[in-house]
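Labels below follow one simple rule: chain letters A, B, ... track the order of the sequence lines, proteins then strands, and each chain is numbered from 1.
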There are 2 protein chains.
Amino acid sequence: MGKVPKISEAVVRRLPIYLRYLTNLQELQVKTVSSQQMGKTMDINPAQIRKDLSAFGDFGKKGIGYDVDYLIEKIRHILKLDQVIHVALVGAGNLGQAISNYNVYLKDNMKIVSIFDADPQKIGKDLGGLVIEPIDKMEDIIKEKQIRMAIITTPSSAAQEVANKLIEAGIEAILNFAPTTIRTEKEVKIDHNDLTSSLQSLAYYLN
Amino acid sequence: MGKVPKISEAVVRRLPIYLRYLTNLQELQVKTVSSQQMGKTMDINPAQIRKDLSAFGDFGKKGIGYDVDYLIEKIRHILKLDQVIHVALVGAGNLGQAISNYNVYLKDNMKIVSIFDADPQKIGKDLGGLVIEPIDKMEDIIKEKQIRMAIITTPSSAAQEVANKLIEAGIEAILNFAPTTIRTEKEVKIDHNDLTSSLQSLAYYLN
DNA sequence: TAGATTGTTAATCGATTAACAATC
DNA sequence: TAGATTGTTAATCGATTAACAATC
C-alpha cells in the first residue's frame, strides 16, 4: 500500500544500512535480492526487512524478491537523498577536520558546503576546499546557501548555543558530536553521537 | 536489591549520559539530585532513570534523591570504568587521527595505548604520542599490552578482516566506524557508528 | 506446475511510563 | 509531622518475529 504510517526511528536507522548493502550488490551487477539474503549479510531478521520496506510500499515481487535498482531508488527517495542537501559543519577542531574529509563519501547529493568556527585563528583558513567562516556569519550563510542540516563538533560548552543559533537560522536537523545533550522546543531532529559515551557503554560488555 | 537482572542495551546506553551529567553536578559542588531534576536536564523520563538505576541497586534515598558522589561511583563501577581499560585504534586516517586526540577526554581509566595501520608510509610515525604500528604486530601487541577494546577506523574493505584479527587476539569489544557491518560468531560486543548512515537517517526528518 | 518469496496478521517480546505504597 | 522522592508494580506502548495465505 502506498500509505505512509508512522515510521519508528529504528526503521529509519536501518534504511541507510539497506541502502549501503544494495549499492554494494548493484556494483556487483546483482539484479535481484531476497529479504533472506539481505538479512543474512546484514544480520537482520528477514521478516523485519520486509516489514520495514512494506511500510513505504510494495517494492518486492512474490516468489522473486526485490529488484536491486528499483529498491535503491525507492529508499533514496524515502530518505530524501534524491534531492540536494546542503550541510554545515560547526567546529573546525580535530573531529571537524576529519569529518570535512567525508565530503567524498557523502555522494547521494549530501554535501558539506560551509564550515564555521569561533576561533579567530582558524577563520579564513582552508579546510577541505572550504574557507572557515566565523560563527557571526552563520545565520546569513545558512540562509544564503540554503543549508538544511548541521554537524556540531564544537566543545560541549559551546554546543547548546551553537544549536540555538542553527535552529534560529532555520536548520532542520542536527548531528551533535559534542558530549552534551542538546535540547530544543522547536521541531528540529537532533541526533547525539558521542564517542566517549559509546566507549563507556562498550566497557559494560567487557569480560 | 543487589541483584543484577538482564540489562538491556538501551539502559547501558543511558548510563554514560547519567554519568556525564552527574560529573557536571559534582563540579558544581551539588551534593544531591532527584530523578526529576536529572530527567529535566537530560530529557529523559524520571521513572525511567529510577528504573534503570534500581536494576543495579538501591542507590537513592526516599524523600531525598541520589547522592551525587555515591551514584557516580556506582555507575563507574557498573560500566567497569573503575579499572584500567586499554584500547587499540586501528586505522590512522583522518578519523583515526582525530580520535587519537580523544585520549585527553577519556579519563576514567580508558586509554588508547596503541595505533595500527596497514600503510607502510604511516608506520613508525607519531600520532598523539604513540608510534603507528603495522597490522602484523597487532596480535602480539594486544596481548602484551593487555588491550581489551578496539576502535576501527579503517576503510570498509579492511574492516571485517581487521575485526577478525582483533577478535583472534582476544579483543572483547569493538567500536566500528567503517561503513560496513562487521559480523562474528564469537562473544564479542560490536557497536557500529557510521557517520554516513547517521546523516542519511537524519535526512529522513527534513521538511 | 512447483518452488520461492513477498506482504501482512497475529503472537511475542521488550521497553517505557504512570501510579503509588513505603519511607526518609 | 508534612512534603518529597524513591523503588516497584502494573499498564501501556511499541518493536520484533513467526507464520502463512497470496502469488510470482
Side-chain angles (χ1 to χ4, degrees), chain A residues 1-18 21-22 25 30-72 74-75 78 181 201 204, chain B residues 1-18 21-22 25 30-72 74-75 78 181 201 204:
Chain A
M1 310 263 65
K3 283 276 306 300
V4 179
K6 65 214 160 325
I7 304 299
S8 76
E9 291 199 14
V11 175
V12 176
R13 269 196 306 275
R14 282 189 293 268
L15 292 177
I17 312 296
Y18 301 163
Y21 171 64
L22 291 163
L25 289 185
V30 177
K31 294 302 174 200
T32 289
V33 67
S34 68
S35 58
Q36 183 107 183
Q37 292 170 271
M38 291 181 69
K40 206 178 166 195
T41 318
M42 298 184 291
D43 244 350
I44 297 178
N45 184 301
Q48 178 150 84
I49 296 172
R50 294 199 299 278
K51 190 156 217 291
D52 285 357
L53 295 175
S54 73
F56 300 99
D58 289 0
F59 301 147
K61 281 197 177 53
K62 293 187 173 69
I64 308 290
Y66 298 90
D67 181 279
V68 173
D69 291 352
Y70 181 70
L71 191 51
I72 286 176
K74 286 299 180 183
I75 295 179
I78 294 164
T181 304
S201 293
Y204 175 82
Chain B
M1 310 261 63
K3 284 277 304 306
V4 178
K6 64 215 160 325
I7 304 298
S8 76
E9 290 199 13
V11 175
V12 177
R13 268 196 307 274
R14 282 190 292 268
L15 292 178
I17 312 295
Y18 301 164
Y21 171 66
L22 291 163
L25 289 185
V30 176
K31 293 302 175 199
T32 289
V33 67
S34 68
S35 58
Q36 182 107 183
Q37 294 169 269
M38 291 180 70
K40 206 178 165 194
T41 317
M42 297 184 292
D43 244 352
I44 297 177
N45 184 301
Q48 179 151 83
I49 296 172
R50 294 199 300 278
K51 190 155 216 294
D52 285 356
L53 295 175
S54 74
F56 300 100
D58 289 0
F59 300 147
K61 280 196 178 54
K62 291 186 173 69
I64 308 289
Y66 298 90
D67 182 279
V68 173
D69 291 353
Y70 181 70
L71 190 51
I72 286 176
K74 286 299 180 183
I75 295 179
I78 294 163
T181 304
S201 293
Y204 175 82

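Residue S35(A) has no polar side-chain atom (N or O) positioned under 4.0 Å from OP1 or OP2 of dT5(C). Between R14(B) and dT16(C) there is a side-chain polar atom (N or O) within less than 4.0 angstrom of OP1 or OP2. An OP1 or OP2 oxygen of dG7(D) is reached within less than 4.0 angstrom by a side-chain nitrogen or oxygen of Y66(B). Between S8(A) and the phosphate of dA15(D), there is a side-chain N or O to OP1/OP2 separation shorter than 4.0 Å.
Taking both residues in full, the closest heavy atoms of M42(B) and T181(A) are given as O-CG2, 4.0 Å, listed atom of the first, atom of the second, then distance. Of all non-hydrogen atoms in I75(A) and Y18(A), the two that sit nearest each other are CD1-CB, 3.8 Å. Summarising the geometry of S35(B) relative to R50(B), their closest heavy-atom pair is OG-NH1, 2.9 Å, with the distance given to 0.1 Å. Contact between S201(B) and V12(A) at its shortest, heavy atoms only, is OG-O, 3.1 Å.
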* Kindly indicate, with the supporting measurements, whether the criterion side chain to side chain contact (heavy atoms under 4.5 Å, CB included) is fulfilled by V11(B) and F56(B). => CA-CA 11 Å; V11(B) 175; F56(B) 300 100; 4.1 Å; yes
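Comparing G63(A) and D52(B) by the nucleotide of DNA chain D whose heavy atom lies nearest to each, the residue mapping closer to the 5' end is D52(B). In this structure, E9(B) and Q37(A) both approach DNA chain C, and ranking their closest nucleotides by distance from the 5' end singles out Q37(A). Along DNA chain D, the nucleotide nearest A47(B) and the nucleotide nearest A47(A) are compared for position; the residue whose nucleotide lies closer to the 5' end is A47(B).
Checking dG7(C), dT5(D), dC24(C) against the side-chain heavy atoms of K62(A) singles out dG7(C) as nearest. Closest to the K51(A) side chain, of the nucleotides dT17(D), dT6(C), dC24(C), is dT17(D).
One interatomic measurement links the two molecules: CG of N45(B) to P of dT17(C), which rounds to 5 Å at whole-angstrom precision. Nucleotide dA4(C) holds its P atom 11 Å from the CD atom of Q36(A), rounded to whole Å. When the C1' atom of dA18(C) is taken as reference, atom CZ of R50(B) falls 10 Å away, rounded to whole Å. Atom pair D58(A):CG and dT8(C):P shows a separation of 5 Å (rounding to whole Å applied). We find that CG of D43(B) is positioned 11 Å from P of dT17(C), with the value rounded to whole Å. As a whole-Å value, the separation of Q48(A) CD from dA11(C) P is 20 Å. One atom, CD1 of I49(B), and another, P of dT5(D), lie 13 Å apart when rounded to the nearest Å. Atom C1' of nucleotide dT16(C) and atom CD1 of I7(B) are separated by 15 Å, given to the nearest angstrom.
If you check dG14(C) for Watson-Crick or wobble pairing at under 3.5 angstrom, you find it paired to dC13(D). Nucleotide dC20(C): paired with dG7(D) (Watson-Crick or G-U wobble, both distances less than 3.5 Å).
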